[in-house]
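The structure appears below as structure tokens.
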2 protein chains.
Amino acid sequence: MRADAKKNYSHILMVAHEVVAERGANASMRDIARRATVGLATVLRHFPSREALFEALLCERLDALTQTAEELETSRAPDDALVVWVGEWVGFAQGHRGVVAMMAGAHANPDSALYASCAALHSATARLLRRAQSEGKARADMDGDNMFALMTALGWAVDQPSFAPQAEHLVHLITSAIVTKRPCNNS
Amino acid sequence: MRADAKKNYSHILMVAHEVVAERGANASMRDIARRATVGLATVLRHFPSREALFEALLCERLDALTQTAEELETSRAPDDALVVWVGEWVGFAQGHRGVVAMMAGAHANPDSALYASCAALHSATARLLRRAQSEGKARADMDGDNMFALMTALGWAVDQPSFAPQAEHLVHLITSAIVTKRPCNNS
DNA sequence: ACCTGAACACCGTTCAAGT
DNA sequence: ACCTGAACACCGTTCAAGT
């Protein structure tokens with residue numbers, strides 16, 4: 001990449017960070033171009049889709065998140081790890097308006113620039129659940145897909161203005177539904 | 001309303017029904033106008049916002065849904081009523097792509113044309129929960145707001161292509177987390 | 001190589017002009 | 001009273017023309 005291109009790239013990314021913080025994940029590409037005093041076409045070639053932009057924008061954060069999951073596998077008891085993990089995820093969702101909905105979409109099609117990150121989160125989640133289940137600390141009648149779906153739904157919910165105030169309690173309701181401190185069959 | 005206006009109104013509504021069935025809740029108003037062979041401005045005066053259109057489009061269905069909740073209060077045991085109710089809601093969500101997300105937004109601001117319907121669903125839900133709680137059939141550490149949030153999140157989830165296949169099981173996971181057949185403290 | 005302005009096909013909003 | 005075409009300000013996509 002040429003020097004001026006590289007400079008543009010990182011400048012656009014910086015500006016995008018600001019704009020997204022203000023307007024959320026539906027901010028227009030044109031707005032970002034304008035604020036970066038750069039042609040819209042320039043933004044679009046560096047980031048051919050909105051998801052490509054967000055992939056670049058969030059990759060460090062998403063990698064860190066996935067790594068957190070891996071660390072939780074060894075640093076915490078299976079049940080605690082699961083609870084903390086859901087908390088981390090919800091924290092991420094709260095800090096990035098509209099991103100969870102975007103990721104839910106990206107999770108569906110492998111062509112999305114965000115697909116790999118979604119898959120990584122998915123499998124990290126599945127491992128934490130499996131670990132807890134193997135010690136009888138999570139309900140046995142669900143799998144990683146279900147866990148990921150519930151977490152994503154929860155992330156979406158706390159992102160809605162009408163539900164945001166309940167965020168903390170919703171996390172508790174979901175986690176306590178998944179984690180079983182003592183064997184107890186409520187089915 | 002003049003005769004020709006009334007005719008336009010119902011014709012637009014009929015066409016909108018088709019278009020929404022095909023393209024989901026994000027179908028463009030222009031598309032609807034085109035298919036109805038009517039000026040876009042005509043659509044916009046009959047239905048000043050997308051939500052106004054959906055209010056007209058869904059009001060019978062939403063009323064029926066709310067009424068179902070009321071009937072469940074008397075026709076079913078408190079725990080069964082709650083489970084059936086969530087099933088009804090999810091069925092609605094599955095049949096109307098993108099509508100749950102729209103309603104989550106409408107629920108937040110009283111100016112929305114869909115606000116009243118959301119409020120009705122909300123309170124019907126809260127009543128069913130309260131009834132179950134009073135007989136010890138639903139977990140006590142949640143309120144109607146939480147229940148509505150969880151149901152909406154669930155409705156959103158089953159509306160996502162990536163999660164749709166799990167719909168039935170997700171319903172089971174959520175309902176079994178809320179309904180307590182026997183007293184059992186997992187907190 | 002990289003950038004850009006312009007043209008394009010869309011969207012919802014608004015309103016003066018028609019019947 | 002009701003409808004409509006047109007103008008407007010947006011959006012993302014594409015590409016020929018510039019450096």
Side-chain angles (χ1 to χ4, degrees), chain A residues 1-57 97-99 101-103 105-106 109 111-114, chain B residues 1-57 97-99 101-103 105-106 109 111-114:
Chain A
M1 185 147 43
R2 234 164 55 178
D4 55 342
K6 188 148 214 159
K7 195 176 154 190
N8 259 340
Y9 180 89
S10 45
H11 181 236
I12 290 170
L13 215 49
M14 207 183 66
V15 170
H17 192 75
E18 293 173 13
V19 174
V20 167
E22 291 172 16
R23 310 217 192 269
N26 294 322
S28 88
M29 303 294 264
R30 245 193 177 90
D31 260 9
I32 294 168
R34 270 192 289 260
R35 277 233 230 162
T37 51
V38 134
L40 170 61
T42 305
V43 174
L44 267 297
R45 198 163 32 74
H46 280 297
F47 310 102
S49 68
R50 166 177 267 95
E51 299 188 0
L53 172 63
F54 275 85
E55 207 284 325
L57 214 53
R97 256 183 303 159
V99 169
M102 203 169 91
M103 292 185 70
N109 77 314
D111 294 340
S112 166
L114 276 169
Chain B
M1 186 144 47
R2 234 164 56 178
D4 56 342
K6 187 147 213 158
K7 193 176 157 191
N8 259 339
Y9 180 89
S10 45
H11 181 235
I12 290 169
L13 215 49
M14 205 183 68
V15 171
H17 192 76
E18 293 173 12
V19 175
V20 167
E22 290 172 18
R23 310 218 193 270
N26 295 321
S28 87
M29 303 294 265
R30 245 191 177 90
D31 260 9
I32 294 168
R34 271 193 288 261
R35 277 234 231 160
T37 50
V38 135
L40 170 60
T42 303
V43 174
L44 267 297
R45 198 164 32 73
H46 280 298
F47 310 102
S49 69
R50 166 178 265 95
E51 300 187 0
L53 172 63
F54 276 83
E55 207 285 326
L57 214 54
R97 255 182 304 161
V99 169
M102 203 169 93
M103 292 186 70
N109 78 314
D111 294 341
S112 166
L114 276 169

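To find a chain, count down the sequence lines: A is the first, B the second, and so on, and within it residues start at 1. The shown structure was predicted, so the numbers you read here are calculated from the model rather than taken from an experiment.
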| What's the CG-P distance between Asn8(B) and dC3(D), to the nearest Å? | 5 Å
| message | Just the rounded figure in Å: distance from P of dC10(C) to CZ of Arg23(B). | response | 11 Å
| Salt-bridge present (Asp31(B), Arg34(B); N to O < 4.0 Å) | yes
| query | Could you state the CZ-C1' distance from Arg50(A) to dG12(D), rounded to the nearest angstrom? | reply | 9 Å
| Going by heavy atoms closer than 4.0 Å, what residues in residues 40-47 of chain A are next to DNA chain C? | Ala41(A), Thr42(A), Arg45(A), His46(A)
| Rounded distance (nearest 0.5 Å) linking atom OG of Ser28(A) with atom CG of Leu40(A) | 8.0 Å
| For the pair made of CD in Glu51(B) and P in dG12(C), what is the distance, rounded to whole Å? | 13 Å
| What integer distance in Å separates Met29(A):CE from dT14(D):P? | 12 Å
| request: Counting Watson-Crick and G-U wobble pairs only, both distances under 3.5 Å, name the nucleotide matched with dC10(C), or none. | output: none
| For Asp31(A), which contact category applies under a 4.0 Å heavy-atom criterion: base, sugar-phosphate, or nothing? | sugar-phosphate
| task | Ignoring hydrogens and angles, answer whether the base of dG12(C) and the side-chain atoms of Arg30(B) contain a donor-acceptor pair closer than 3.5 Å. | result | yes
| Rounded to the Å, how far apart are Lys7(A) NZ and dC3(C) C1'? | 14 Å
| query | Which distance, rounded to the nearest 0.5 Å, do you find between the CD1 of Ile12(B) and the CZ of Arg45(B)? | reply | 8.5 Å
| query | What is the pairing partner of dC15(D), taking Watson-Crick or G-U wobble pairs with both distances under 3.5 Å in any strand? | reply | dG5(C)
| query | Hey, is the main chain of Ala27(A) close enough, under 3.5 Å, to the side chain of Arg50(A) for a donor-acceptor pair? | reply | yes
| request: Using atom CG of Asn26(A) as one end and atom P of dG12(D) as the other, report the distance to the nearest whole Å. | output: 10 Å
| remark: One should read off an interatomic distance between Met103(A) CE and Glu51(A) CD, to the nearest 0.5 angstrom, of 10.0 Å
